[in-house]
Amino acid sequence: MANVDFATLGVVSCAEALAQKKYSSRELVSAMLENIRRSDGRIHAFLNVDENAALAAADASDARRAAGAPLSDFDGVPIGVKDNISVEGETLSCAGKILAPVRSPYDATAITRLKSQGFIPFGRLNMDEFAMGSSCENSAFGPTANPLDVGRVPGGSSGGSAAAVAAKFVPAALGSDTGGSIRQPAAFCGAVGLKPTYGRVSRSGLVAFASSLDQIGPLAPCVEDAAAVFDAISGHDPLDCTSLELPGAKTLAAVRAVARTNPLSGMKIGLPGEYFGAGGISSGVAKVMDDAVAALRKLGADVVEVSLPHTEYAVAVYYIVATAEASANLARFDGIRYGDRKKGADLVDTYFKSRGEGFGAEVKRRILLGTYVLSSGYYDAYYLKAQKVRTLIRRDFEEVFRKCDLLLTPVTPDVAFRFGEKSDPLQMYLSDIFTIALNLAGNCGVSIPGGVDAETDLPVGIQLIAPDLAEDRLLAAAAAYEKNVFSFRPAPFGC
């Protein structure tokens, strides 16, 4: 195995090692494949890894480097990919039976941009089926375990992505965030998870759950790695009508400037009272939040109490809007045009059998709820009213950002929970109580490790929230916290 330091495995560290010729891209990929073969049997972060394709891409990178071709800083670095993001020739099951036979005929725009800079899309990462879940227990192919405690969940729906980063299987990974599906698993696994401003990263090639909420973003070991991946995938895309007409982001420079300056000095950070009074946060999470506030003040930030008065409606609004959009989006999966087909007595029976056997219980639950709120007689009472309240939630954020530069909140009410602990769907839905409002508003937010729960020795995430398009400010502040206060780097799994 090549001399790969898995303890510090990250996008930037790999890029530096490749540039210094400490190892080749092929040696890096080979070492990662060996590590996955040795350890992923207990984690199940990956649904599939096309070893030949990964090694071929690594060889192509090594050939470019040997020929002296112009290279991006990250040429030859592998990036894990959640199984709802298209990679040409790879499976695209969304961790569901109905799409298990499907292979993508094209690359998502985010993947095209990674490839154009020499990144290597690496494997298909497990998830809650069609991104519907908060624990990665809803995959049709079995759950993913948390590498920090294999008896606990890694979070969801991007649980495979977070677990792969925490286990040091990949330097970083792409996930998707509809109501917290990047930030919550990042918090559970001690990683950094960025949910960009809606429209900052193209959704072309992302299998839609809820189109007005979904956003691709990175999970990474540290803020600098997350910034590097975000910069690579962001920018306007004419293939996505919701894509903002803006160039790619330049957040990496802002993060690296933290080594010379303290962006938290003089920054006003708001503490929304609603996020600390609701949700019943555990004593461990409360202690970490108190410590984070004290640390931010010590670094020169002005921490003030603020209010987001419509927060209490966020969960209800989310589960009306998200399920309604899911009902419409998943109608295309019928066993007729593509995917797994179960032959019935006639066309209608084929629809029923294909969807009935192809979708899992949680997906069916959300389709039924979404169809109900869109039905005649209930559309105005539920869906239209939810959209109106969503506007009020967004206005809350707009108003508070006239007074503050950033907001600080918990990511989750508690640390990673044990498998089967939240069998009640309503209990599971409340796992995202602190992340959902951000998707409804469309702002950007990041989960970073904030401390460790004294009772379980598991990481606790803190969430920083910024206005639209303020990822540079957001990530610079997160990097300053990481540099001066707390940095969580778990050991490679199995060590």
Side-chain angles (χ1 to χ4, degrees), residues 9-11 14 32 45-50 53-54 57 74 77-88 90-95 104 106-128 130-131 136 144 154-167 169-178 180-186 189 191-196 198 200-209 214-222 225-235 237 240 243 248-249 251 444 446-447 471:
L9 186 74
V11 172
C14 286
M32 288 170 51
F46 286 91
L47 295 177
N48 183 52
V49 180
D50 188 334
F74 304 103
V77 177
I79 299 288
V81 183
K82 187 176 179 179
D83 196 40
N84 62 345
I85 301 171
S86 303
V87 177
E88 184 177 359
E90 298 275 6
T91 58
L92 187 65
S93 71
C94 297
S104 177
Y106 63 92
D107 285 329
T109 296
I111 299 300
T112 299
R113 288 181 170 155
L114 288 175
K115 286 182 175 180
S116 72
Q117 297 188 44
F119 284 99
I120 300 172
F122 188 91
R124 308 299 295 164
L125 290 164
N126 201 14
M127 55 185 283
D128 286 298
F130 283 98
C136 217
T144 294
S157 64
S158 304
S161 298
V165 171
F169 292 154
V170 290
L174 294 186
S176 64
D177 193 310
T178 306
S181 291
I182 287 173
R183 290 159 288 148
Q184 186 249 27
C189 292
V192 173
L194 171 66
K195 184 265 172 193
Y198 182 78
R200 199 78 194 267
V201 178
S202 172
R203 293 186 301 109
S204 177
L206 171 67
V207 178
F209 163 16
D214 300 338
Q215 188 70 135
I216 295 173
L219 295 99
C222 67
D225 292 333
V229 177
F230 171 61
D231 286 359
I233 63 176
S234 63
D237 178 18
D240 176 9
S243 175
T251 61
C444 54
V446 65
S447 169
E471 282 88 353

Suppose we screen for salt bridge (charged side-chain N to carboxylate O under 4.0 Å, His left out). Which residues come up paired with Asp83, at least two apart in sequence or across chains?
Arg124
Can you sort out the partners of Ser86 under side-chain hydrogen bond (donor to acceptor under 3.5 Å, both in side chains), two or more places apart, ordered by chain and number?
none
For residues Ser234 and Ala249, report the shortest heavy-atom separation together with the two atoms involved.
OG-N, 2.7 Å
Please confirm whether the backbone N or O of Gly156 pairs with a side-chain atom of Gln184, one donor and one acceptor, at under 3.5 Å?
yes
Thr112 versus Tyr106: any side-chain heavy-atom pair under 4.5 Å?
no
Any donor-acceptor pair under 3.5 Å linking the side chain of Thr144 with the backbone of Cys136?
no
Please name all residues satisfying side chain to side chain contact (heavy atoms under 4.5 Å, CB included) with Ala172, sequence neighbours left out, ordered by chain then number.
Val11, Ile79, Ala220, Val229
Looking at every heavy atom in both Ile85 and Ala108, which two are closest together, and how far apart are they?
CG2-CB, 3.8 Å
Kindly write out the residues that satisfy side chain to side chain contact (heavy atoms under 4.5 Å, CB included) with Ala162, not counting sequence neighbours, or none if the list is empty.
Pro185, Cys189, Leu219
Go through Asp231 and Thr251 one step at a time and tell me if the side-chain hydrogen bond (donor to acceptor under 3.5 Å, both in side chains) criterion holds.
CA-CA 6 Å; Asp231 286 359; Thr251 61; 2.7 Å; yes
Sub-4.5 Å side-chain heavy-atom contact between Met127 and Ser181
no
What closest approach, in Å, do Pro196 and Gly217 show between heavy atoms, and which atom pair accounts for it?
CD-CA, 4.0 Å
Sorted by chain and number, sequence neighbours left out, ring-ring contact (aromatic ring centres under 6.0 Å, His included) with Phe74 holds for Phe119
Residues forming a side-chain hydrogen bond (donor to acceptor under 3.5 Å, both in side chains) with Asp225, sequence neighbours excluded
none
Sequence neighbours left out, what passes side-chain hydrogen bond (donor to acceptor under 3.5 Å, both in side chains) with Glu471? Give chain and number order.
Thr197, Arg200
CD1-CD1 distance between Ile216 and Ile111, expressed to the nearest 0.5 angstrom
7.5 Å
For Leu174 and Ser161: C-alpha separation, side-chain torsions, deciding distance, then whether side-chain contact (heavy atoms from CB on, under 4.5 Å) applies.
CA-CA 7 Å; Leu174 294 186; Ser161 298; over 6 Å; no
Can a donor-acceptor pair be found, under 3.5 Å and without considering hydrogens, that links the side chain of Gln215 to the backbone of Val201?
yes
Contacts of Asp214 meeting side chain to side chain contact (heavy atoms under 4.5 Å, CB included) (sequence neighbours excluded), chain-then-number -> Thr178, Arg203, Leu206, Ala208, Phe209, Ala210
Side chains of Pro221 and Pro171: closer than 4.5 Å at any heavy-atom pair?
no
Hey, does Val87 have a side-chain heavy atom less than 4.5 Å from the side chain of Asp50?
no
With heavy-atom distances below 4.5 Å as the criterion, would you say the side chains of Cys94 and Asn84 are in contact?
yes
For Lys82, side-chain hydrogen bond (donor to acceptor under 3.5 Å, both in side chains) partners two or more places apart:
Ser157, Ser158, Ser176
All heavy atoms of Ala54 vs all of Ile120, minimum pair found to be O-CG2, 4.1 Å
Using ring-ring contact (aromatic ring centres under 6.0 Å, His included) as the criterion, list what pairs up with Phe169, not counting sequence neighbours.
none
Residues in salt bridge (charged side-chain N to carboxylate O under 4.0 Å, His left out) with Asp107, at least two apart?
Lys115
Separation between SG of Cys444 and CG of Leu194, rounded to the nearest 0.5 Å:
7.0 Å
Atom pair CG (Leu125) and CZ (Phe46), whose distance is rounded to the nearest 0.5 Å
4.5 Å
Backbone of Gly180 reached by a side-chain donor or acceptor of Asp177 within 3.5 Å:
yes
Residue pair Ser243 / Asp237: nearest heavy atoms and the distance that separates them:
OG-N, 2.8 Å
About how many Å separate CG of Leu92 and CG of Leu47, when rounded to the nearest 0.5 Å?
11.0 Å
Does the Thr91 side chain pair with the main chain of Ser93, one donor and one acceptor, at a distance under 3.5 Å?
no
